[in-house]
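To start, the structure under review is shown below, and the notes come after it.
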Protein chains: 2
Amino acid sequence: MASKARHTDRRTDALSRERIVATAVELLDAAGADGLTFRALSAELRTGAGAIYWHVANKSELLGAATDAVLAGATTVAEATPEAEVRALALGLFDAIDEHPWLAGQLAQGPWKSEALRIFERLGQRVQALGVPGPAQFTSATALMLFIVGAASQNAANAANAAELRRAQPDASRTALLAGESTMWEGLDPGDYPFLHDIAGQLREHDDREQFLAGVDLILAGIAALRPQA
Amino acid sequence: MASKARHTDRRTDALSRERIVATAVELLDAAGADGLTFRALSAELRTGAGAIYWHVANKSELLGAATDAVLAGATTVAEATPEAEVRALALGLFDAIDEHPWLAGQLAQGPWKSEALRIFERLGQRVQALGVPGPAQFTSATALMLFIVGAASQNAANAANAAELRRAQPDASRTALLAGESTMWEGLDPGDYPFLHDIAGQLREHDDREQFLAGVDLILAGIAALRPQA
DNA sequence: ACCTGAACACCGTTCAAGT
DNA sequence: ACCTGAACACCGTTCAAGT
């Protein structure tokens, strides 16, 4: 999204912080959270390992910068109602985490900085627009943020699992793979897990995106119940 | 909680998987997620590093076993109403993560195994007891689980931050520390962050546990709205 | 069957030395 | 001011060798 000048300037442009972060995102996307290594990064940038430390304090800061870079283009919203805006923000985050699964681990611990904080702020504004009384606004915005990040992360983890299964048996059909996934649930003793056994059927034919939006709506319904009048 | 025979059997009892996991939990509690090292663990157990691998496949499995061991004693529930049972389950998880902050990172990616799955199952049973129609049951239980784990993890992260601040300035008063925390929010430009600026006041004097329960009630309210009749 | 501990293939980070 | 790359202090994991 936010990548201009992709491969045109190959040779010897300056080693800027911007270029470091962009390359870090590429590595993270290509090889996951473990793929980002100062050695791999310096090799890709055709420089020494220590050179990166002149532009970036440490790996944690680099991961934070990569997160911000991706999140920056992920959520632009202009909808008719506050509810629709919340759904649009939620879907934007969902898709961003789906495309960049390593975001999950990054957002899990401390969404409260820079770009993530901006998203939280925007959710809060919509909560205010929905007429939630003051003391409950923080609770409502937090519930939305936690559900969105958590559910999107789960989805990304599931997708990663499915990808691994696909790598293990590349010839299996899609339905066979889905069946393989739900085996995890159906193998459980129905006596010990009656609820999971009950919903195993739905699980086999659910749409992740729909499920996600249904969850957002569930919380929006709870928020609606907080308003002074029904 | 689940620790019998704490320091009595010091000398040369067999190196069981149980003892390995218990010692791993001790290390995790004492020094955080980074504190668990095969070298530190084998030193504590007065054995070789490789010996542990005879009882445990790898670090990931060891972390999973440690998670299960802690979670096993965390949530026993017998309450009058399904709502009360959900709150009790939620508080049990909240306290467990508060006592063992490393649980957060473990539960973040894939609560869907062993003990965490048991908790999800129990939440689902209460959702069914609340009269939620079939197709919405999975969504409801998932929303509860994600909020509980996410919010408790946030709380643990905040507590860790506060502890670090306390270590940096050990003589500061509690109110000064809280003020230092909320500085992060109040330092933001009110023009760019009107919502965060609005709620900064509440943030200074909130109770984490109360906020958490309010969030659980918010989702319960959303679930109540899903029932056929109001 | 179970344990030992050196060895392997990695990490993030630092730092003298270069330009 | 910015870059180099060897060196340091670690990791998880393996595996011949022991009992």
Quick one: which of D:dG12, C:dC2, C:dC11 gets closest to the side chain of B:Arg39? D:dG12
B:Arg46 CZ to C:dC3 P, in whole Å, measures 15 Å
Partner nucleotide of D:dG12 by Watson-Crick or wobble geometry (both distances under 3.5 Å): C:dC8
The nucleotide from C:dC11, C:dT13, C:dC3 with an atom nearest the side chain of B:His55 is C:dC3
Using the P atom in both, what is the distance from C:dC2 to D:dA17, to the nearest Å? 22 Å
By nearest atom, which of the nucleotides D:dC2, C:dC11, D:dG12 is closest to the A:Thr37 side chain? C:dC11
The side chain of A:Lys59 is closest to which nucleotide in this list: C:dG12, D:dC3, D:dC11? C:dG12
To the side chain of B:Asn58, which of D:dT13, C:dG12, D:dG12 is closest? D:dT13
Atom-pair distance (OH on B:Tyr53; C1' on D:dT14), nearest Å: 9 Å
Could you check whether A:Arg126 pairs with A:Glu121 (Lys NZ or Arg NE/NH1/NH2 to Asp/Glu carboxylate O, under 4.0 Å)? no
Length of the CD1-P vector between B:Ile52 and D:dT14, whole Å: 13 Å
Do the side chains of A:Arg118 and B:Asp192 get close enough for a salt bridge, i.e. N-O under 4.0 angstrom? no
Residues A:Gln211 and B:Thr139: side-chain donor-acceptor under 3.5 angstrom: yes
Of the nucleotides C:dC3, C:dG12, D:dG12, which one has an atom closest to the side chain of B:Ala51? C:dC3
Which is true for B:Ser42 with a 4.0 Å heavy-atom rule: it touches a base, it touches only sugar-phosphate, or it touches nothing? nothing
Between P on C:dG5 and CG on B:Leu45, what's the gap in Å once rounded to a whole number? 14 Å
In plain terms, say whether B:Asp98 and B:Arg209 are close enough for a salt bridge, that is, a side-chain N and a carboxylate O under 4.0 Å apart. no
Can you measure A:Asp34 atom CG to D:dC11 atom P for me and round it to whole angstrom units? 17 Å
Grab the CG-C1' distance between B:Leu63 and D:dG12 for me, whole Å please. 12 Å
Of the listed nucleotides (C:dC3, D:dC3, C:dG12), which one gets closest to any side-chain atom of A:Leu15? D:dC3
To the nearest angstrom, how far is A:Phe38 atom CZ from C:dC15 atom P? 15 Å
Any chance the rings of B:Phe147 and A:Phe147 have centres within less than 6.0 Å? no
For a quick check of understanding: with a heavy-atom distance under 4.0 Å over all strands, which category does B:Leu36 fall into, base, sugar-phosphate or nothing? sugar-phosphate
